[in-house]
Number of protein chains: 2
Amino acid sequence: MEYDKYAHEPFAVTVDLAVLTISAGALHVLLVERGQEPYAGHWALPGGFVHPDESAETAARRELAEETGLSDVSGLHLEQLRTYSEPDRDPRMRVVSVAFAALLPDPPEPYGGSDAADARWVPYEKAGPLAFDHDRIIADAHERVGAKLEYTCLATAFCPPEFTLGELQQVYETVWGIALDRPNFRRKVLATPGFVEQVPGAARLTGGRGKPAALYRAGPATALQPPLLRAPREGRPA
Amino acid sequence: MEYDKYAHEPFAVTVDLAVLTISAGALHVLLVERGQEPYAGHWALPGGFVHPDESAETAARRELAEETGLSDVSGLHLEQLRTYSEPDRDPRMRVVSVAFAALLPDPPEPYGGSDAADARWVPYEKAGPLAFDHDRIIADAHERVGAKLEYTCLATAFCPPEFTLGELQQVYETVWGIALDRPNFRRKVLATPGFVEQVPGAARLTGGRGKPAALYRAGPATALQPPLLRAPREGRPA
DNA sequence: GTGACTAATAGTCATTACGACTATAAAGGG
DNA sequence: CCCTTTATAGTCGTAATGACTATTAGTCAC
């Protein structure tokens, strides 16, 4: 990096958050309604400026706490997506934005946002035209999460601390938009060392009808070997 | 993003490039020697400031052309890695750096750098302590590239337009640091639709000894399904 | 209660994929 | 000319996978 050949053009640096969760069998994303120009009245991703003493990761986790209203966001999955830096992405000034994807198990209340006019969980499919380049950001987030489900244990990040294999399967089916065979899914997950571990007590839970399911916790593994594939089977609707 | 609650702290935005190539059976990374403080005399990744009218991608490709001396970098694989934004990563000022990985087939001459004191291809393993957080960046680049070899067709980005399956296999072996079984590798690659396509003419090429090999080109596929796995086999040295 | 309905879990089976090999072909070097 | 080297063809037993069927254990409607 050569510092002294160019003037240091001033950039504003922000973070944008694609906060994803699964609710009622559909992928949802957290959106806020913009109160001011540009894009006043449009929906956008939550986010904000990186403070002078913060890294982008720190800023993202701070914003995540502020925007979700959750008191403890330390256990949530938060990962950097990529940085969006087109010169004209903000009409007013040069803004470089580091985008993050965050995964929540149970969506908290839409909360009366601190600094946003309104905030809401919106089904991913209906997250209409958003402000700035945020449509692209949520598309990238969806693609990244879908891909990582195949070869990592990321799916458990959408689940509460204890979950059934049915719930875990629904994560895959919802994000990928296809149906999976239940016995085969079970066999595969249980055959992957460290993916999930059964909660030892006779702990069971019923979501309502049907045979009660055993509860599992996320295991120590982080990668799936071999991966869980989505291609071979064409989707009957999930 | 709320613009008016915080002062817009000025950030400098740079790009850093992890330019990787395979040479003499080893992964190499392009390094430049810093001419000035901080870290004067240390080796670092090539990079530079993002200009006011550029995106980070544009800046990265411009720097790639400048630093490699290649006249046409449009066909090269260049992908954003992640953004490094720790407040203290540069001792002088607040610098946010967008890191990229670039993959080259044949390394051009080390060239007499334009603005760098010196530039050199260094074996990845010997790329000693680098300036700033650049050790971490090349480690992240190596990890990302290694992972993407498994489930994408990225390996061809290390190869010239026409290559033998032996050369392609060496990409995997070099990046992963393990040996692969040649007949099985061949079977797998040829069974993946769109990964490679044979150059139709009786085109053949000999690197020296042995039976001449058929030449292949990169095919239209971008993803490998199913992936090529590296785990099951423990590496005899590649 | 009793019988439909639902969901979880166990198990079967044929096909395919994969890792580990062996064998043959086509070049060059001493 | 034989030996080495590399490419390519093919074999074989095991493991993994997709597509199923069957059984178990609950809720709900009546």
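Chain identifiers are assigned alphabetically (A, B, ...) following the order of the sequence lines, protein sequences preceding nucleic acid strands; residue numbering begins at 1 within each chain.
Here the CZ-CG distance, from A:Arg144 to A:Leu149, works out to 12.5 Å after rounding to the nearest 0.5 Å.
Summarising the local packing, CD of A:Glu197 is surrounded by more than 12 heavy atoms from other residues, nucleotides or ligands at distances under 6.0 Å.
With rounding to whole Å, B:Asn184 atom CG is found 15 Å from D:dA7 atom P. What separates NZ of B:Lys211 from C1' of D:dT4 is a distance of 16 Å, to the nearest Å. Whole-Å rounding puts the A:Leu180 CG to D:dC20 P distance at 15 Å. If you measure from atom CZ of A:Arg230 to atom C1' of D:dT17, you get 18 Å, rounded to the nearest angstrom. One can place CD of A:Gln225 at 17 Å from C1' of D:dT17, the figure rounded to the nearest angstrom. Atom CG in B:Leu190 sits about 13 Å away from atom P in D:dG10, given to the nearest Å. Protein atom CG of B:Leu229 is 13 Å distant from nucleotide atom C1' of D:dA15, rounded to whole Å. As a whole-Å value, the separation of A:Asp181 CG from C:dA14 P is 18 Å.
Using a 4.0 Å cut-off between a side-chain N of Lys or Arg and a carboxylate O of Asp or Glu, A:Lys148 and A:Glu79 qualify as a salt bridge. Electrostatic pairing of B:Glu66 and B:Arg62 counts as a salt bridge here, judged by a charged N lying under 4.0 Å from a carboxylate O.
When distances run from any side-chain atom of B:Arg182 to the nucleotides D:dT8, C:dA26, D:dA19, the shortest one goes to D:dT8. When each of D:dC28, D:dT17, D:dA25 is scored by its nearest atom to the side-chain atoms of A:Arg209, the top-ranked nucleotide is D:dC28. Of the candidate nucleotides C:dC21, D:dA25, D:dC20, D:dC20 has the atom lying nearest to any side-chain atom of A:Pro183.
Interface remark: the A:Arg187 side chain does not form any donor-acceptor pair with the C:dG11 base, using a distance-only criterion of under 3.5 Å.
Contact between the side-chain N/O atoms of B:Lys188 and the OP1/OP2 oxygens of C:dA17 is not found at any separation under 4.0 Å. Taking 4.0 angstrom as the limit, A:Arg186 places a side-chain polar atom (N or O) nearer than this to OP1 or OP2 of C:dA10.
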For B:Asp140 and B:Arg82, what are the C-alpha separation, side-chain angles and deciding distance, and is it a side chain to side chain contact (heavy atoms under 4.5 Å, CB included)?
-> CA-CA 9 Å; B:Asp140 288 349; B:Arg82 56 171 249 128; 4.1 Å; yes
